[in-house]
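Structure record follows, encoded as structure tokens.
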Amino acid sequence: MFGYHNKILIIDVSTKSWRWEDLQEEVVKDFIGGSGLGAYLLYHYCPPGADPFSPANPLIFCASPLVGSRLTTTSKFAVVSKSPQTGFIGDSLSSSSLALSIKGIGADAVIILGSSSQWLSLKVDESGIQFNDASHLLGNTTSMTEGHLIETFGPGYGIACIGPAGENMVRFASISNDGGRQAGRTGNGAVMGSKKIKAISFKGYKKLNYFNESNLSKTRKQLAIKSLGEATEKYRTLGTMANLSVFERLKVLPIGNFRNQSNKDFHSISGEAIHNEEKVSTSHCANCTIGCEKLVTIPNGGSAKVRLEYQSLFALGPLVGISDRETILKSSKFCDEMGMDTISAGSTCAWFMECMQKGLLPKQWLGLLPTYENDEDLLRKLLNAIAKRSGIGDILAEGSARVSKEIGLGTEDFAMHVKGLEMPGYEPRSLHTMALALAVSTRGACHNRSSAYEYDFASSSDSGKLSRGQMVVDGEDYSAVMDSLIWCKFVRKVFDDFYVESSEILNDVTGWDMDPNQLARCGERINNLKKQFNIREGWVMDQDNLPKRIFSEPLSDGENRQSLSESDLGTMIKSYYDAREWTSDGLIPESKLKSLGIEC
Amino acid sequence: MAINLTVELYGNSRIIAGQKLVQLEFTESKVGAVDVIRALALLFPALGGKVLDSGDKRLLSSYVFNLNGVGFQDPEKLKLCDGDALLILPSQAGG
Ligand code: SF4
């Protein structure tokens, strides 16, 4: 098969053994790679009902057919496991040379099973796999760990590692690679920690053949040129930081744990202000021509730089009611170094701070609180305590959903999560298509598996006559194909006709004869399988929902009132289930599964 | 009657122009997108090719108009009234 190795590497850290299994062509024709292949492998390798922290939960790294093709933005991989935050499918994407290294060892996917009794650092290369003792790396930050391993093994290794948060199984711990890029959401770093794996280093240069190299070579050049055009201007100039001032002006920037009452001005943390007033450099993932990554030198932080994204800026700033730039930059850097998802970390702190303000904390917790001078100081101390699971941090490391359920007192109503995954920086009371996408997403309150906000930000003539349900379905299926091929989302507007161009490229890579409709059907199949996994793991319809605050506290701005009622959301969810051809309870009929070729 | 507009600049348009807000005054009774773009191109020639196409009098596809922070507008349908705030925003929302 062109474009694939047809191989999966399965490593069992309990027995320190490994084996290779064949990857069938029918599977990748249906699920492609990346997040789609990861969903397929999770369904088949994770026993029903497995505890996310049990040895049985597989931790899956998936490359894709485009990894290694040198097409712009395609050096990406997916990490998939059963999420310790949601108990459902957990998948996150990350980028750069680690994707090339995983594929370079001759694997389309690597599945890690079992759990070790001692901390391990795995080294995977052409000589085989070494299960090295990692006790000397414990407590190291992600950059220290990566630096140490590069120094020990020499150049050429792609390294996935966890920081102290992953070691301590903070439920929203991330996996770090390539100098601070994060597979951030859904707690895959905690799963890696539960297996006692501090790091995995991959090195390999196995070559792949492509079916039509001469077409690919032309496409490579064309896409590289187009990727530097109008369609990516925002990402190249300010990166995703540009969202902050726009969202604040449009009143879709959630502030103060979604209470949106603040007399603070967030101008000083806008992308424009940071660009003008701080030292900002641009960085690229491997094989990317766009370069959306903005590295900001931290004021009073020596030469330390933070890779700054809108979601981190939002979650460690406005969401916790903080507008001090230095605090936000340092907190974002701290989360990356500890290996924690900034959205869940910020959101859990925001919930906690609101509980404090309302006097809702259990008495026995008050003794666990650090002393602090102001909100900025409190945020820093809470993040530190969470990463180390010390004092109050041991409780908050469970995430806002679990902790609020434990203390009750109505605090669940303002724990801003869906299915256990904390909400990103999009205001659902104003952005109703996004509200639906957040409610129904299989991975919880997800910021980038639907691009549904695009409909909310479009003029009415652009949105056409689609129902909101259909809009979200289309966005999810499109995203599933992007995340499986894998293209970076930021290249999406470069295509004139995404499915036509992507199917041609996939055919040039593989020699298949897939038409655009079949490719779109892959997206539908992947999303149905993800949902079927969740159903198997106990999903019930009530979990397609939003936090109570969204319904009970409308946003009001003089005459402008933005709201979303529970019944409006219910109507949209029904239109989504209809568009998916699911039952009115959100279940997938047998006939639907069959028509998609999903065998369960 | 003159039409006074506030144009709010976001993203690279703000960085290039070096300011957040631009006040424009038109003596015509009907003002549309083309008029705003022409005025901005005169005031900030560096926006040409980066934010707007001064020849075709249009925003580049990487930017969109929003009227008064409420509705996203097709440029050809844009009817501006005295006191309006016209926002020029980066069109790529993701992140
Ligand atoms: S656009 Fe940004 S995130 Fe995407 S591949 Fe390029 S540098 Fe990486």
Side-chain angles (χ1 to χ4, degrees), chain A residues 229-252 267 270-273 275-276 292 309-314 424-426 430-431 434 447-448 450-463 479 488-493 557 560 562, chain B residues 5-22 32-33 37 44 46-80 83-95:
Chain A
E230 292 178 30
T232 60
E233 193 267 355
K234 174 183 111 174
Y235 301 118
R236 283 181 286 119
T237 51
L238 289 181
T240 58
M241 293 193 289
N243 289 354
L244 197 120
S245 58
V246 175
F247 284 19
E248 186 183 18
R249 177 64 174 88
L250 299 179
K251 301 197 169 21
V252 299
H267 169 69
S270 69
E272 295 90 340
H275 179 279
N276 284 339
C292 75
E309 299 288 346
Y310 163 68
Q311 293 296 348
S312 304
L313 203 50
F314 143 76
Y426 295 99
S430 325
L431 305 172
M434 190 60 188
H447 65 297
N448 82 349
S450 69
S451 304
Y453 43 73
E454 286 194 350
Y455 290 101
D456 297 315
F457 288 130
S459 64
S460 51
S461 58
D462 285 343
S463 307
S479 296
C488 179
K489 293 272 167 37
F490 300 158
V491 84
R492 65 193 185 280
K493 299 288 181 200
D557 163 36
N560 223 333
Q562 302 283 335
Chain B
L5 295 178
T6 304
V7 179
E8 298 180 22
L9 301 173
Y10 292 86
N12 207 21
S13 67
R14 183 183 296 180
I15 288 164
I16 294 170
Q19 53 197 85
K20 276 162 87 172
L21 303 176
V22 184
I37 290 169
F44 307 106
L47 292 176
K50 300 267 186 203
V51 176
L52 43 89
D53 181 331
S54 9
D56 286 353
K57 310 277 180 302
R58 67 172 182 93
L59 287 181
L60 297 187
S61 62
S62 40
Y63 285 86
V64 286
F65 285 123
N66 178 291
L67 191 56
N68 297 319
V70 182
F72 285 85
Q73 300 287 329
D74 291 329
E76 57 282 7
K77 292 187 189 152
L78 200 59
K79 279 189 201 136
L80 297 160
D84 275 344
L86 185 64
L87 284 54
I88 295 183
L89 308 170
S91 61
Q92 298 110 13

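Keep in mind that this is a model prediction, so the values were computed, not measured. Numbered from 1 within each chain, the chains take letters A, B, ... in sequence-line order.
Heavy-atom distances place the backbone of B:Asn68, and not its side chain, under 4.5 Å from chain A. Only the side chain of B:Lys20 has a heavy atom closer than 4.5 Å to any heavy atom of chain A. Heavy atoms of A:Asn276 lying under 4.5 Å from chain B belong exclusively to its side chain. In this structure, chain B has heavy atoms under 4.5 Å from both the backbone and the side chain of A:Ser245.
Using a 4.5 Å cut-off on side-chain heavy atoms (C-beta onward), B:Leu89 and A:Leu250 make contact. Taking the side chain as every heavy atom from C-beta outward, B:Leu86 and B:Leu78 approach each other to under 4.5 Å.
If you take CZ on A:Phe247 and OH on A:Tyr426, they are separated by 4.5 Å, rounding to the nearest 0.5 Å. Once rounded to the nearest 0.5 Å, the distance linking CD1 of B:Ile37 with NZ of B:Lys57 reads 9.0 Å.
The choice from A:Lys489, A:His267, A:Lys251, A:Met241 that makes the most heavy-atom pairs within less than 4.5 Å of chain B is A:His267.
Looking only at distances, no side-chain donor or acceptor of B:Asp74 sits under 3.5 Å from a matching main-chain atom of B:Lys77.
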